[in-house]
Enquirer: 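Here it is: the structure, laid out below.
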Amino acid sequence: MYTASPDRYAEMPYRRTGRSGLKLPALSLGLWHNFGPDRPVETQRAILRRAFDLGITHFDLANNYGPPPGAAESAFGAALAADLAPYRDELVISTKAGYLMWPGPYGEFGSRKYLLASLDQSLRRMGLEYVDIFYSHRPDPETPLEETMGALHTAVQQGKALYVGISNYSAEQTREAARILAGLGTPLLIHQPRYSLLDRRPEDEGLLDALDEVGTGSIVYSPLEQGLLTGRYLDGIPAGSRAAGDSPFLKPEAVTEDLLGRLRALAEIAAARGQSLAQLALAWVLRGGRVTSALVGASSPEQLADSVGALRNLDFDAEELERIDAIVRS
């Protein structure tokens, strides 16, 4: 029987999420990849146990994570029942709805019917009475934002979610979502955008400024750019990597010689800091405290522990930041 480490809170920093009372670990575990029937169950359980022992209390899911869709929630539910159920009140569990889950007009996007039905399905797969955070996973171009935000508010009223969030919304959509939710009495807790050393859109398009304005926290996904910032690609595309396979998220043609040169230059800066490239990339998104938490995936407990090592040095001097910007933005 699993017993959590008594030192699990000794080193992990926790950051307040916007203007809420909720604190999240600086690193959270995302179950987008590596959790489903194509992975050994014991490996999945070992990763989750190691995460909690390291102080990672937040586990991030979505209805469509797998493959197939729903598989990650089912796998997490089984691991929760086997290992982590006694610690439920120490955990922050989130899920999302927005992408295609079932056929027909009610199986995706942001209608009230889809969001609330999907949440019920997610709760059944995970064996939970409630999630801590329920997200609208993407904006719906055809459904009024008032309806989508109203459905999130209803989830809280029903006791099926404690907080609500949005993901992949623009700065202006975020401001409007926060305004609608505030009027309903359910604050917008958090936004989950894509953000990394190589993808600066939350900075460049004003999203981080918007979050500061409305008092909403942020948790960023793909801080390692689908593995590009892990160091695996410094000598080209390795066998067994995401770019070498049929992943829709990283195509081999994206791994250009120019990109490899930039990655190698970033790795030199990381080495001078006593970090791996992955640790540098995670430290960079967490610098300064504007980002509440960074989502990391893991294919093994050891990989997860290496990511947590980034938290030993989150400070950058002006020269380091200038060198990084010159490499990435030139």
Enquirer: What residue pairs, at least two apart or across chains, pass ring-ring contact (aromatic ring centres under 6.0 Å, His included) with a residue in residues 187-214?
Expert: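 Checked against ring-ring contact (aromatic ring centres under 6.0 Å, His included) - neighbours excluded - the pairs reaching residues 187-214 are Y195-W284.
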Enquirer: Over all heavy atoms of both residues, which pair between I133 and G165 is shortest? Give the atoms and the distance, please.
Expert: CG2-N, 4.2 Å
Enquirer: Could you name each residue pair satisfying ring-ring contact (aromatic ring centres under 6.0 Å, His included) that touches residues 149-169, not counting sequence neighbours?
Expert: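 Non-adjacent pairs meeting ring-ring contact (aromatic ring centres under 6.0 Å, His included): zero.
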Enquirer: Between S293 and L24 (side chain of the first, backbone of the second, donor and acceptor by atom type, cut-off under 3.5 Å), is there such a pair?
Expert: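 Absent.
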Enquirer: Rounded to the nearest 0.5 Å, how far does CG of L277 lie from CG of L234?
Expert: 6.0 Å
Enquirer: Determine whether L116 and L123 fall in the same hydrophobic cluster, where Ile, Leu, Val, Met, Phe, Trp and Tyr are linked whenever their side-chain heavy atoms lie under 4.5 Å apart.
Expert: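 Not linked; separate clusters.
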Enquirer: Is the ring centre of F59 less than 6.0 Å from the ring centre of F76?
Expert: yes
Enquirer: Any side-chain heavy atom of E147 within less than 4.5 Å of one from S111?
Expert: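 Yes. Closest side-chain heavy atoms under 4.5 Å.
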Enquirer: Return the minimal non-hydrogen interatomic distance between P223 and A281, and the atom names on each side.
Expert: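 Scanning both residues, the minimum pair turns out to be O-CB, 4.0 Å.
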Enquirer: Please test F35 against Y65 for ring pair (Phe, Tyr, Trp, His ring centres under 6.0 Å), starting from the C-alpha separation and ending with a verdict.
Expert: CA-CA 8 Å; F35 286 83; Y65 289 176; over 10 Å; no
Enquirer: Within a strict 4.5 Å, meaning less than it, do heavy atoms of the R45 and D83 side chains meet?
Expert: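 They are in contact (side-chain heavy atoms under 4.5 Å apart), so the answer is yes.
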Enquirer: Is there a side-chain contact between E225 and R194 (heavy atoms, below 4.5 Å)?
Expert: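 E225 reaches R194 side chain to side chain.
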Enquirer: Do V41 and F52 sit in the same hydrophobic cluster, where Ile, Leu, Val, Met, Phe, Trp and Tyr count as joined when their side-chain heavy atoms come under 4.5 Å apart?
Expert: no
Enquirer: If you take all heavy atoms of S222 and W32, which pair is closest and at what distance?
Expert: OG-CZ3, 3.6 Å
Enquirer: In chain order, what residues pass the ring pair (Phe, Tyr, Trp, His ring centres under 6.0 Å) check against H58, with sequence neighbours excluded?
Expert: none
Enquirer: Decide yes or no for D140 and L145: does some side-chain heavy atom of the first lie under 4.5 Å from some side-chain heavy atom of the second?
Expert: no
Enquirer: Looking only at the side chains, is there a donor atom on one of Q121 and S118 sitting less than 3.5 Å from an acceptor on the other?
Expert: no
Enquirer: Measure the CZ-CG distance between R262 and L229 for me, rounded to the nearest 0.5 Å.
Expert: 12.5 Å
Enquirer: Is any side-chain heavy atom of P13 closer than 4.5 Å to a side-chain heavy atom of L311?
Expert: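 Yes - at least one pair of side-chain heavy atoms lies under 4.5 Å apart.
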Enquirer: For Q303, what residues pass the side-chain hydrogen bond (donor to acceptor under 3.5 Å, both in side chains) criterion, not counting sequence neighbours?
Expert: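 Only S299 meet the side-chain hydrogen bond (donor to acceptor under 3.5 Å, both in side chains) criterion with Q303.
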Enquirer: Can you find a pair of side-chain heavy atoms, one from P69 and one from N63, that are under 4.5 Å apart?
Expert: no
Enquirer: For a 4.5 angstrom cut-off between non-hydrogen side-chain atoms, does L29 reach L304?
Expert: yes
Enquirer: Tell me whether L198 shares a hydrophobic cluster with V285, the cluster being built from Ile, Leu, Val, Met, Phe, Trp, Tyr side chains joined at under 4.5 Å.
Expert: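 In one cluster with L198: V285, yes.
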Enquirer: Has the side chain of S20 got a donor or acceptor atom that lies under 3.5 Å from a matching backbone atom of T17?
Expert: yes
Enquirer: I'd like to know if R200 and E205 make a salt bridge, using a cut-off of under 4.0 Å between side-chain N and carboxylate O.
Expert: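 Salt bridge: no.
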Enquirer: Hey, which of V164, V92, L119 is the one that makes side chain to side chain contact (heavy atoms under 4.5 Å, CB included) with V131?
Expert: L119
Enquirer: If you look only at pairs with a residue in residues 69-79, which of them pass as a salt bridge (Lys or Arg N to Asp or Glu O under 4.0 Å), with sequence neighbours excluded?
Expert: E73-R125
Enquirer: Is there a continuous path of hydrophobic side-chain contacts, each under 4.5 Å between heavy atoms, that joins L259 to L224?
Expert: yes
Enquirer: Counting only heavy atoms from other residues, nucleotides and ligands, does the tally under 6.0 Å from CD of Q157 exceed 12?
Expert: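 Result for CD/Q157: enclosed.
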Enquirer: Can you pull the salt bridge (Lys or Arg N to Asp or Glu O under 4.0 Å) pairs that have at least one residue in residues 180-191, sequence neighbours excluded?
Expert: none
Enquirer: Please report the interatomic distance CG(L189) to OG(S94), rounded to the nearest 0.5 Å.
Expert: 10.0 Å
Enquirer: On the 0 to 90° scale, with breaks at 30° and 60°, tag the Y99-H137 ring pair as parallel, tilted or perpendicular.
Expert: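 Perpendicular, since the angle between the ring planes exceeds 60°.
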Enquirer: Can you pull out every side-chain hydrogen bond (donor to acceptor under 3.5 Å, both in side chains) where at least one residue sits in residues 310-323? Sequence neighbours excluded, please.
Expert: R273-E320
Enquirer: Who are the ring pair (Phe, Tyr, Trp, His ring centres under 6.0 Å) partners of F134, not counting sequence neighbours?
Expert: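 None.
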Enquirer: Is a side-chain N or O of S167 found less than 3.5 angstrom from the main chain of Q192, in a donor-acceptor match?
Expert: yes
Enquirer: Name all residues meeting the salt bridge (charged side-chain N to carboxylate O under 4.0 Å, His left out) criterion together with R287; count only those two or more places apart in sequence or in a different chain, and write none if there are none.
Expert: E203
Enquirer: Does L100 share a hydrophobic cluster with L61, counting links as ILVMFWY side-chain heavy atoms below 4.5 Å and allowing steps through other members?
Expert: no
Enquirer: If you look only at pairs with a residue in residues 102-126, which of them pass as a ring-ring contact (aromatic ring centres under 6.0 Å, His included), with sequence neighbours excluded?
Expert: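 The answer is W102-Y114.
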Enquirer: Check whether R88 reaches the backbone of A85 with its side chain - one donor and one acceptor, N or O, closer than 3.5 Å.
Expert: no
Enquirer: Closest heavy-atom contact between L31 and A72?
Expert: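 Heavy atoms of L31 and A72 come nearest at O-CB, 3.6 Å.
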Enquirer: Test R50 against E302 for side-chain contact (heavy atoms from CB on, under 4.5 Å), laying out the working first.
Expert: CA-CA 9 Å; R50 183 67 171 139; E302 294 75 22; over 6 Å; no
Enquirer: Is R49 salt-bridged to D53, going by a charged N under 4.0 Å from an acidic O?
Expert: no
Enquirer: Is a side-chain N or O of Q44 found less than 3.5 angstrom from the main chain of G36, in a donor-acceptor match?
Expert: yes
Enquirer: Would you say that more than 12 heavy atoms from the other residues, nucleotides or ligands in this model lie under 6.0 Å from the CD of E129, or not?
Expert: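 It does not: E129 CD has 12 such atoms or fewer within range.
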Enquirer: Between the main-chain N or O of G30 and the side-chain N or O of D60, is there a donor-acceptor pair closer than 3.5 Å?
Expert: no
Enquirer: Drop me the distance from I190's CD1 to D132's CG, to the nearest 0.5 angstrom.
Expert: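 Going from the CD1 atom of I190 to the CG atom of D132 covers 11.5 Å.
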Enquirer: Nearest 0.5 Å please: distance from the NZ atom of K96 over to the CG atom of L115.
Expert: 13.5 Å
Enquirer: Quick check for you: to the nearest 0.5 Å, what is the distance between L184 atom CG and M149 atom CE?
Expert: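 That separation rounds to 10.0 Å.
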Enquirer: List the atom of R175, the atom of G206, and the distance in Å for their closest heavy-atom pair.
Expert: NH2-O, 4.4 Å
Enquirer: Will you find, in the side chains of R112 and T154, an N or O donor that is under 3.5 Å from an N or O acceptor?
Expert: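 Yes, T154 and R112 have a side-chain donor paired with an acceptor closer than 3.5 Å.
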Enquirer: Let me see the working for S307 and L27 under side-chain contact (heavy atoms from CB on, under 4.5 Å), right down to the final yes or no.
Expert: CA-CA 8 Å; S307 294; L27 289 183; 4.2 Å; yes
Enquirer: Please list, one pair per line, the donor and acceptor atoms closer than 3.5 Å that link side chains of residues 214-221 to other protein atoms, with sequence neighbours excluded.
Expert:
unit_1	atom_1	unit_2	atom_2	d
T216	OG1	L188	O	2.9
S218	OG	R290	O	3.4
Y221	OH	N168	OD1	2.7

Enquirer: Applying salt bridge (Lys or Arg N to Asp or Glu O under 4.0 Å) as the test, list every pair that has at least one member in residues 113-123; sequence neighbours left out.
Expert: D120-K160
Enquirer: Give the minimum heavy-atom separation between A265 and I327, together with the two atoms involved.
Expert: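 Looks like CB-CD1, 3.6 Å.
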Enquirer: Within the 4.5 Å heavy-atom criterion, are I93 and Y130 side-chain neighbours or not?
Expert: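 No; the side chains remain at least 4.5 Å from each other.
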